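Lettering follows sequence order; numbering is per chain, from 1. This structure is a prediction, so every number in the text was calculated from the model and none was measured.
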Amino acid sequence: MKSYLVKELAQVVEGEVVGDSSIVIRGVAGIKEAREGEITFLANPKYESYLETTKASAVIANGNGNIRGSVIKVQNPYLAFLKVVRLFDQGPMEKYPRGIHPTAVIADSAVIGQEVSIGANVVVGERVKVGDRTTILPLACINEDVIIGEDCLIYPQVAIRERSEIGNRVILHSGAVVGSDGFGYAKEGHRHQKIPQIGIVRIEDDVEIGANTTIDRATTGVTLIKRGSKIDNLVQIAHNVVVGENSVLAAQVGVSGSTELGRNVVLAGQAGLVGHIRIGEGAKVGAQGGVTKSVPADTNVSGYPAREHSFARKIYAATTRLPDLLKDFRDLQNRVKALEKGLGSGSSAEDD
Amino acid sequence: MKSYLVKELAQVVEGEVVGDSSIVIRGVAGIKEAREGEITFLANPKYESYLETTKASAVIANGNGNIRGSVIKVQNPYLAFLKVVRLFDQGPMEKYPRGIHPTAVIADSAVIGQEVSIGANVVVGERVKVGDRTTILPLACINEDVIIGEDCLIYPQVAIRERSEIGNRVILHSGAVVGSDGFGYAKEGHRHQKIPQIGIVRIEDDVEIGANTTIDRATTGVTLIKRGSKIDNLVQIAHNVVVGENSVLAAQVGVSGSTELGRNVVLAGQAGLVGHIRIGEGAKVGAQGGVTKSVPADTNVSGYPAREHSFARKIYAATTRLPDLLKDFRDLQNRVKALEKGLGSGSSAEDD
Amino acid sequence: MKSYLVKELAQVVEGEVVGDSSIVIRGVAGIKEAREGEITFLANPKYESYLETTKASAVIANGNGNIRGSVIKVQNPYLAFLKVVRLFDQGPMEKYPRGIHPTAVIADSAVIGQEVSIGANVVVGERVKVGDRTTILPLACINEDVIIGEDCLIYPQVAIRERSEIGNRVILHSGAVVGSDGFGYAKEGHRHQKIPQIGIVRIEDDVEIGANTTIDRATTGVTLIKRGSKIDNLVQIAHNVVVGENSVLAAQVGVSGSTELGRNVVLAGQAGLVGHIRIGEGAKVGAQGGVTKSVPADTNVSGYPAREHSFARKIYAATTRLPDLLKDFRDLQNRVKALEKGLGSGSSAEDD
């Protein structure tokens with residue numbers, strides 16, 4: 001069990017201690033759950049009332065209001081807390097024993113790097129390469145000719161299909177499928193002839209892929225997840241999609257075939273994109289947004305079909321007035337009819 | 001093979017037999033598929049016509065109209081049928097042999113209860129506790145320090161990540177992932193720094209989790225699925241979510257981080273909820289509803305953005321009249337313009 | 001490594017060679033990625049500009065414009081390319097060694113056909129039947145009494161629950177779950193009593209099921225995927241659903257219980273269907289469409305709630321004019337009020 005003095009933690013986060021700096025901290029926790037011997041943080045003012053009841057022995061905050069125990073004062077408590085969490089969180093190198101579990105099935109032609117950890121019942125196919133310090137947890141399946149970089153973390157039940165290429169420091173969560181066939185058929189009458197999907201998936205460095213997310217291999221060429229992108233659970237990435245650097249895809253998003261995302265794109269939960277379009281750098285799609293055409297850079301869109309966000313909001317707000325509008329319109333029609341009668345208007349317009 | 005006389009089944013469901021009560025029943029089936037020797041039920045009047053053609057040897061119904069074979073008359077045929085189905089359905093204790101399959105990999109420090117069944121190639125990590133009579137089917141993976149209660153049923157390919165806590169009589173379907181990392185990053189420029197997710201998932205008694213559903217562990221603290229809740233397939237539960245007692249989440253629902261559901265909440269298929277909101281006790285969200293703010297107790301909402309259900313219906317109905325309204329409005333504008341001209345109105349309004 | 005002369009490929013696709021017909025082709029690729037020694041195709045005029053820069057040694061096209069290297073002229077370049085891809089793509093019989101891996105756990109009562117391939121750590125339950133030439137890849141789980149036909153391809157991490165029936169030439173992608181329990185409960189007060197799901201799943205010949213897709217077993221009777229249907233990733237098929245022949249379901253679609261699709265139905269990505277409805281033969285549902293009632297044959301619907309497609313488009317187009325309409329309406333009301341005043345109208349209507 002690791003432990004740090006409050007003053008040691010203050011040094012790490014470059015903060016100032018108010019109160020006893022020699023208290024021993026053995027863990028980190030949220031303000032509601034923290035117990036004695038733990039440190040917590042206050043970033044969201046909504047949680048300020050918990051300061052009086054928290055059992056934490058120290059708090060990271062940007063003030064020192066009504067706080068029991070020691071305070072580490074910093075500009076940005078959330079970032080400081082993140083640094084402290086990392087001190088207490090073991091990486092895979094510490095958590096999982098190095099070496100190959102005797103029940104793992106590793107093809108003779110596989111090339112396994114230094115200080116690798118391969119868990120129970122893992123299956124590694126022919127000619128697979130696994131980089132140094134990578135951790136593959138139990139029951140994962142790595143098919144033929146897959147290349148995995150260094151310092152990767154592959155969780156239980158992951159499936160990586162043949163010839164996929166995985167960069168360094170990539171995290172694949174349980175149940176993720178990398179390199180499944182793209183969904184492509186040629187029609188012959190009403191029957192669907194499968195188009196072999198002979199391309200691959202390439203995942204660049206520092207990408208994280210969520211649990212039960214599926215990333216299909218390209219028809220030809222490559223389905224590409226670029227450096228630093230983060231993809232949440234249950235996301236569908238179709239064949240030949242490109243996800244730009246540092247993009248963020250929330251849970252249950254679906255991206256159809258050959259669509260390209262620029263860098264720093266954000267797709268909120270359950271958003272869906274049709275195929276063969278381009279989402280410009282820095283663009284954002286709102287939750288459940290249905291994107292039917294390309295989106296320019298630095299543009300927010302939302303709704304179905306997705307439109308520029310402030311316009312979409314205006315439309316949704318306007319729809320709430322629609323039931324009244326229909327009534328008022330009928331009323332206005334009648335008043336106009338009355339005016340027409342009063343004028344002896346020759347208009348032949350008839351409403352009912 | 002189990003078998004019962006019609007009169008024995010009538011006793012179980014507290015019903016009255018009309019016809020031969022000594023017929024032997026060897027199975028249960030729907031009214032369309034039932035064969036001789038089986039019992040079926042009629043609850044939905046839509047299926048009444050099948051009474052004439054069903055091959056079932058007995059029918060559970062609340063009348064005895066035009067029925068071939070024996071009838072068991074009850075108030076609520078569906079509930080009665082459910083009781084009969086349970087008679088014929090073996091539980092996991094009968095279906096799966098007790099004991100640990102020789103290919104299972106069980107850590108020495110794991111504590112396994114009485115009459116447990118652990119299937120082929122299952123992996124159980126260090127310090128895991130498995131309660132009495134629990135069944136773990138082949139190829140499931142239980143990571144370090146997981147606690148599983150009594151009488152649980154864990155299907156093939158399930159992954160339970162470290163430190164998750166599972167209550168009694170919990171059912172986890174194939175491919176479900178419990179305890180994957182929450183999706184949390186701190187931005188440094190355009191790069192995303194992973195926030196270690198050091199909390200856990202706790203699943204209380206009598207919960208059922210569907211196939212390929214993902215439940216993320218908390219950032220700190222706990223993602224909590226309370227007693228008696230039922231979650232369907234392909235559902236996403238983000239970090240720090242709380243699902244209240246006896247709630248029902250249909251397939252492909254997504255609940256974002258830190259959102260709390262009260263008890264008896266119902267989320268219909270593909271509904272999506274943003275983070276940090278509260279859904280009150282007994283509230284219901286319609287299929288594909290997109291919930292952007294908290295919902296009071298006992299309130300039905302639907303649509304995107306979700307609004308009170310009867311209002312949402314009114315809006316959707318009104319939108320169908322919108323194309324005509326635009327035409328009628330243009331017409332009314334012209335009539336007003338004509339009136340203005342006729343009056344020699346001094347109005348400066350111009351429409352085209 | 002296979003190789004063909006350009007003239008041999010021309011024969012296969014019944015095309016005409018322009019240029020050197022004796023070039024050796026060793027692979028196929030998209031026009032952007034192709035390298036020397038490979039053949040590519042031009043079907044989409046958007047890609048015509050790549051003809052000048054492609055490194056491919058031959059191109060399948062329906063003209064012979066500005067093309068470096070040899071051309072095979074055909075009517076339909078895409079279908080011709082498909083035939084060539086198949087020449088180069090090995091089937092599972094060639095890719096995966098026949099025989100049973102020594103780590104596979106096969107019940108004694110299982111009946112395994114000729115020339116079957118069963119991979120490492122696969123688990124096959126009691127009384128399972130596996131047809132000739134079927135390939136089951138590592139870490140798949142086949143439960144008791146499952147019947148699998150001939151020439152099937154079952155990818156790693158698939159779970160097939162007890163008594164499911166799989167036809168011939170069926171492809172199941174990684175993480176797919178076939179035969180999980182349907183989502184059915186009877187309410188007793190606020191508690192949900194599980195209804196045993198005693199039916200099965202039947203998948204007919206030539207069906208393909210995507211990665212992490214879930215197909216629930218019937219309550220009683222059968223959940224049925226008919227011949228030739230193609231289902232993409234992360235799709236939810238609930239209990240007692242029927243999917244008609246040659247239907248196509250794109251990624252993340254959800255079909256609720258007992259709904260029936262006719263043949264040749266197309267459901268686009270993220271579409272959701274309520275239960276107990278019927279989608280007629282040849283009907284299409286647009287992406288994210290929310291279908292709340294039955295759809296007649298040969299009808300396209302889209303939007304939420306789904307309506308006939310051209311009407312839905314008209315509505316969505318009209319909503320974009322709604323913010324302006326509200327403004328114009330208020331203006332028109334004022335003009336009518338002015339007219340009423342001018343006329344000394346006796347109307348008692350009041351708008352503000």
[X], part contacting chain B, at a heavy-atom distance under 4.5 Å:
{"X": "C/S256", "result": "neither"}
{"X": "C/N143", "result": "side chain"}
{"X": "C/A271", "result": "backbone"}
{"X": "C/Y316", "result": "neither"}
{"X": "C/L139", "result": "both"}
{"X": "C/V255", "result": "neither"}
{"X": "C/V274", "result": "neither"}
{"X": "C/E162", "result": "side chain"}
{"X": "C/T219", "result": "neither"}

Let me know if [X] has heavy atoms under 4.5 Å from chain C in its side chain, its backbone, both or neither.
{"X": "B/A211", "answer": "both"}
{"X": "B/L249", "answer": "backbone"}
{"X": "B/N264", "answer": "side chain"}
{"X": "B/F88", "answer": "neither"}
{"X": "B/F81", "answer": "side chain"}

Answer yes when B/D331 and B/R335 have at least one side-chain N-carboxylate O distance shorter than 4.0 Å, and no when they do not. yes
Among [options], which has the most heavy-atom pairs under 4.5 Å with chain C?
{"options": "B/A34, B/G303, B/S174", "answer": "B/S174"}
{"options": "B/G175, B/G27, B/P156", "answer": "B/P156"}
{"options": "B/V248, B/D89, B/T320, B/I171", "answer": "B/T320"}
{"options": "B/N121, B/L137, B/L79, B/I231", "answer": "B/N121"}

C/D145 and its salt bridge (charged side-chain N to carboxylate O under 4.0 Å, His left out) partner, picked from C/R161, C/R163, C/R127: C/R127
Parallel, tilted or perpendicular for B/F329 and C/F329, by the 30°/60° rule? tilted
Looking at every heavy atom in both B/A140 and B/I154, which two are closest together, and how far apart are they? CB-CG2, 4.2 Å
Looking only at non-hydrogen atoms, find the nearest pair between B/V253 and B/A268 and report the distance. CG2-O, 3.1 Å
Contact between B/E208 and C/D181 at the side-chain level, heavy atoms closer than 4.5 Å - yes or no?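 A side-chain contact exists here, since the closest heavy-atom pair is under 4.5 Å.
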Can you tell if the side chain of C/I209 reaches within under 4.5 Å of the side chain of C/V158, non-hydrogen atoms only? no
Counting heavy-atom pairs under 4.5 Å to chain B, which of C/K187, C/E126, C/K314, C/E188 comes out on top?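 Most pairs with chain B among the choices: C/K314.
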Checking [X] side chain against [Y] main chain: does a donor-acceptor pair fall under 3.5 Å?
{"X": "B/E33", "Y": "C/V222", "result": "no"}
{"X": "C/E144", "Y": "B/Y96", "result": "no"}
{"X": "B/K2", "Y": "B/L87", "result": "yes"}
{"X": "B/K226", "Y": "B/V207", "result": "no"}

